[in-house]
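Structure first, then comments.
Quantities reported herein were computed from a predicted structural model and do not represent experimental measurements. So that the names make sense, note that chain A is the first sequence line, chain B the second, and so on, each numbered from 1. When reading the values below, keep in mind they use all heavy atoms of this one structure, side chains included, and skip hydrogens, waters and symmetry mates.
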Amino acid sequence: MTGFVLRRALATVPLLLGIVVVSFFFMRLAPGGPFDADRALDPQVRANLEARYGLDRPLVEQLGVYVGGLLEGDLGPSFKYVGWSVQEIIAQGAPVSLTLGAGALLIALLVGIPLGVIAALYHNRWADHLATSIALVGVCVPNFVLGPVLVLVFVFGLGWLPVGGWGSPEQVILPAVTLGAVRAAYIGRLARAGMLDVLQQDFVRTARAKGLSERVVVARHALRIAIVPVVQYLGPAIASILVGSVVVERIFDLPGLGSFFINAALNRDYTLAMGSVLLYSTLLIGLNLLVDVLARAFDPRTETS
Amino acid sequence: MSIPAPPEPSATTMPSMHRILVPILALLAAVGCSADERPADFRFLNTEPETIDPGRVGGQAGGRIVANLFEGLTVRVPPSLAPGPGIATDWWTSDDGLTWTFRLRSSTWSDGTPLTARDFVWSWRRVLDPRTASKSAQLLFPVRGARKFNAGVSDDLGLFAPDDTTLVVELETPTPYLADLAAAPPLAPSPRHVVEKVGETWTRPEWIVSNGPYVLDDWRLQDRMRLQRNPRYWNVEAIALDVVEAVAGDFANANFNRYESGLIDWVDSGGVPPALVDALKRRPDWHSGPFLATYFLRCNVERPPLDDERVRRALSYALDAEAITTHVTRAGQVPARGLVPPGVPGHDGIDAPLFDVERAHSLLAAAGYPGGEGFPSLTLLFNTSEWHRQIAEVLQQQWREHLGIEIELLNQEWKVFTTTVRARDYDLARGSWIGDVLDAQNFLEIFTTGNGNNRTGWSSARYDALIASASRTRDPERRAALLRECERMVVLDDAIILPVYVYSVTNLYDDTQWAGLEPDLLNSLDLRRVRPVRTGVSR
């Protein structure tokens, strides 16, 4: 297991370096620069700005300076937000995005798994049909529709929750539900399929034959194997939560990384855009690795296969 | 047949789940741990400013914060926004208009350090210093020696502080709007003693020292800034609100939701979803007025058939701006009758004749395209936005209907768009100008030869001479006449731009609760004036 983790971790280094180089040149290929705006700057003022940010140097040298900074843990200064370094901006936004993502994941798991298990246990009965229908609706409704509908019901209708912003736990609920709903539905379907499959297996029959109660059979023996597909799905789920949070952060006006990420690309804030790309790539690669490790831990059979 | 052994239920089975959940729950709990602070007295919508350093500020979001944290020599006084005393109590000019003298009141920074005329000299030099790389350096170019100083080739600058309370400014050309310019956020003073000690990050709450009605108490990026009344402000007795928050938000629907649920007290157009304009403008909390900005189309005069001024004028006369303001923009915009918006002091608008299809027809026929026959295909370029698209589609249809010509539409992402227009790789392009100061010349001088904002390829020695004599003349009436002639040239005679509409301010706030928020031409938000209507109202 340790060897596996090490090998995978080492493989990420060239991968991240490749991402840095490719995204650096992609950013520079896009027309327009950080200081192009509707109104023209005086040529001298523009030259002063470019000199200050090193944009007057050859591209390869700029890349060298950037990578050199990275090795020292410095993501560079933001081009747009004067006096803020990219790591400071990320440090302010990341806790928000990560909390939102974690909340969404929690909701997805806490809703999805029971939904799937119940559906499987009452296979082809009304509880199954109800759970499957809920899951179907959850998969079909996109978050930019669900978010405003939730706001309409819980903020302007019932008045139970704040409409947006950040700072209190209540403010996490609606965005996290919005972001987690699709994943909950998908997890529900995976858990149902997994459970249906496992319940047919010989070891479950053995457990039942031993005279264990149905509750113990399901909770202790079947569930552990049945949620392996769910655990394997967590990698793509986390990826889509990270991407989806960009939309949800806008719907609820959250000060997360999403808005910085989008604006950085539009503003040609080279360093901030690169920093965001690096962060998201690292997260995705790291979490996928974690998920693979988890899947092995949950189902000993994966290790041998 | 071998039966696989059931996995042994062990202590590690289900608790694995807990290993995932516990950190997640801990993280969620951490969110709720922000310190309890008293709610703000007043909250307004802003976007995240690029900077709040007066020496480098540019743009509305930063300008709004700087104008309330700092105070320049003058402040703009509503409703006319004419400059009134700020840190300067009075000012006068020499006979040739080239030397201005400001007398300063005795005042201090928020840390108690005295504020003197030397602070202004240092701050303005800092704006012009090439190492500062301020985007607003251009504003000070009227100062003698400023251009060379900004290029780093000379140290000679016409700024002097003969004593603590006197500031002398020497100019290249008479700049009649200098007192107005002195109220612009980039010309507010920066605290030398802090900037030199702290460096780049001096605007953070833990370091910042300011001289205006407020000090910065807290700053969460893309979230909110918290401003606290500055007890050392020279006129602190006049400041009604103790704690004010500037809430950052980019998304109109979300901003509007927060306004509706009472989490924001004042929003500008950034909190007005375009789809709701019709419903909102009937409400008592809707407050609109003209904004110092014009929406127009640039013509690339180097490309046929737009190199013929008759074609440009035909397009202009066949443009029914009223249809656009009534059916598309709908939020109080008015058809533009020139380049300079109405309400600029001392400017007598040209009142360009609007929509006139017959005239458009004869001009187009005279140019060799009777009834639009043989008219080559033209492209109208705009930056990606639902708003601009709708306007472009209406224009396309109007010209098809009124002139029998076909215009193609092309949209480009913002930065691509600005690059394309600057390279003059377009036929017709959407444009706009937001005034920096309340002066007509600020709008008109962009079409002088070689001005970076011209971008039409048009160049007229006569126009350049008119602008130059307008900047030299000290007679306000003569100056107004010269600028009026310039406006006639760009809009009517040469028609290098086709004016569409004058922008409007569209703000939402409850005027039974708040006073001092009446919209003005610059859509400034001056907290010096804002106060609750009923005394003793506090949250």
Side-chain angles (χ1 to χ4, degrees), chain A residues 30-33 35-45 48-49 51-52 80-84 89 92-93 98-99 102-103 105-106 148 151 155-156 162-169 172 202-204 206-207 219-221 224-225 250-253 255 259-260 263 266 268 294 297-298 300, chain B residues 3-7 9 13-14 16 20-21 24-25 27-32 34 48 50-51 53 56 130-135 137-138 141 147 150-151 200-201 203 220-223 247-251 253-255 257-258 260-261 263 413-416 418-420 422 432 451-453 455:
Chain A
F35 308 121
D36 286 316
D38 194 22
R39 54 182 54 198
L41 292 170
D42 181 86
Q44 185 60 51
V45 171
N48 293 342
L49 270 167
R52 186 188 172 101
K80 166 103 175 166
Y81 301 105
V82 178
W84 290 91
I89 293 176
Q92 289 217 12
L98 293 182
T99 308
L105 193 61
L106 188 70
V151 167
V155 180
F156 294 110
V163 68
W166 196 253
S168 71
V172 188
D202 293 337
F203 75 84
V204 172
T206 311
R220 286 223 184 141
H221 295 275
R224 185 176 173 183
I225 304 299
R250 298 206 71 172
I251 298 176
F252 293 96
D253 248 349
S259 45
F260 280 117
N263 291 337
L266 294 178
R268 308 287 190 271
L294 275 179
F298 267 80
Chain B
I3 298 167
T13 313
M14 278 303 106
S16 304
I20 309 172
L21 295 186
I24 294 181
L25 286 170
L27 192 56
L28 281 176
V31 186
S34 61
E48 184 63 39
E50 293 181 20
T51 173
D53 177 343
R56 305 174 76 180
R131 286 165 301 176
T132 311
S134 171
K135 290 179 190 171
Q138 283 145 283
F141 281 0
R147 280 181 175 272
N150 186 239
E200 281 270 88
T201 55
T203 53
R220 294 203 305 247
L221 275 178
Q222 202 79 54
D223 189 5
V247 179
D250 288 335
F251 194 49
N253 290 332
N255 295 334
N257 283 344
R258 291 168 88 177
E260 278 300 87
S261 59
L263 295 172
E413 184 259 350
W414 177 239
K415 294 272 182 178
V416 182
T418 55
T419 311
T420 311
R422 192 159 303 142
S432 60
N451 189 298
N453 294 303
R455 304 175 202 162

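- Contact annotation for A:V45: both backbone and side-chain heavy atoms come within less than 4.5 Å of a heavy atom of chain B.
- Proximity to chain A (any heavy atom under 4.5 Å) is restricted, for B:T132, to the backbone atoms N, CA, C and O.
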Would you please test A:K80 and B:E48 for salt bridge (Lys or Arg N to Asp or Glu O under 4.0 Å) and show each step?
-> CA-CA 10 Å; A:K80 166 103 175 166; B:E48 184 63 39; over 6 Å; no
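- In this structure, the portions of B:D223 lying under 4.5 Å from any heavy atom of chain A include both its backbone and its side chain.
- Looking at heavy atoms from C-beta onward, A:D42 lies in side-chain contact with B:R147 at the 4.5 angstrom threshold.
- Considering only heavy-atom pairs separated by less than 4.5 Å from chain A, the leading option among B:A151, B:G452, B:A137 is B:A151.
- Contacts with chain A were tallied for B:R131, B:E200, B:Q138; B:Q138 has the most, counting heavy-atom pairs under 4.5 Å.
- Heavy-atom distances place both the backbone and the side chain of B:N255 under 4.5 Å from chain A.
- At a threshold of 4.5 Å between non-hydrogen side-chain atoms, the residues A:W84 and B:T201 do not count as touching.
- For chain B, the option among A:I89, A:N263, A:V151, A:D253 with the highest count of heavy-atom pairs below 4.5 Å is A:D253.
- Looking at B:R258, both its backbone and its side chain come within 4.5 Å of chain A, counting heavy atoms on both sides.
- No part of B:T420 comes within reach of chain A, as not one of its non-hydrogen atoms sits under 4.5 angstrom from that chain.
- The parts of B:L221 that come within reach of chain A are both its backbone and its side chain, each placing non-hydrogen atoms under 4.5 angstrom from that chain.
- When heavy atoms are compared at a cutoff of 4.5 Å, A:R250 approaches chain B by way of both its backbone and its side chain.
- Considering only heavy-atom pairs separated by less than 4.5 Å from chain A, the leading option among B:L263, B:V247, B:V416, B:D53 is B:V416.
- Take B:F141 and apply the ring pair (Phe, Tyr, Trp, His ring centres under 6.0 Å) test, not counting sequence neighbours, and it matches no residue.
- Only the side chain of B:R422 has a heavy atom closer than 4.5 Å to any heavy atom of chain A.
- Heavy atoms of B:T418 lying under 4.5 Å from chain A belong exclusively to its side chain.
- To the nearest 0.5 Å, the span separating CZ on B:F251 from CD1 on A:I251 amounts to 6.5 Å.
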When you look at A:L49 and A:L41, which way does the side-chain contact (heavy atoms from CB on, under 4.5 Å) test go after all the steps?
-> CA-CA 10 Å; A:L49 270 167; A:L41 292 170; 3.6 Å; yes
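- Judged as a ring pair (Phe, Tyr, Trp, His ring centres under 6.0 Å), and not counting sequence neighbours, the contacts of A:F260 are A:Y81.
- Between A:V155 and B:N257, the closest side-chain pair of non-hydrogen atoms is not below 4.5 Å.
- Atom CZ of residue A:R268 and atom OG1 of residue B:T419 lie 7.5 Å apart, to the nearest 0.5 angstrom.
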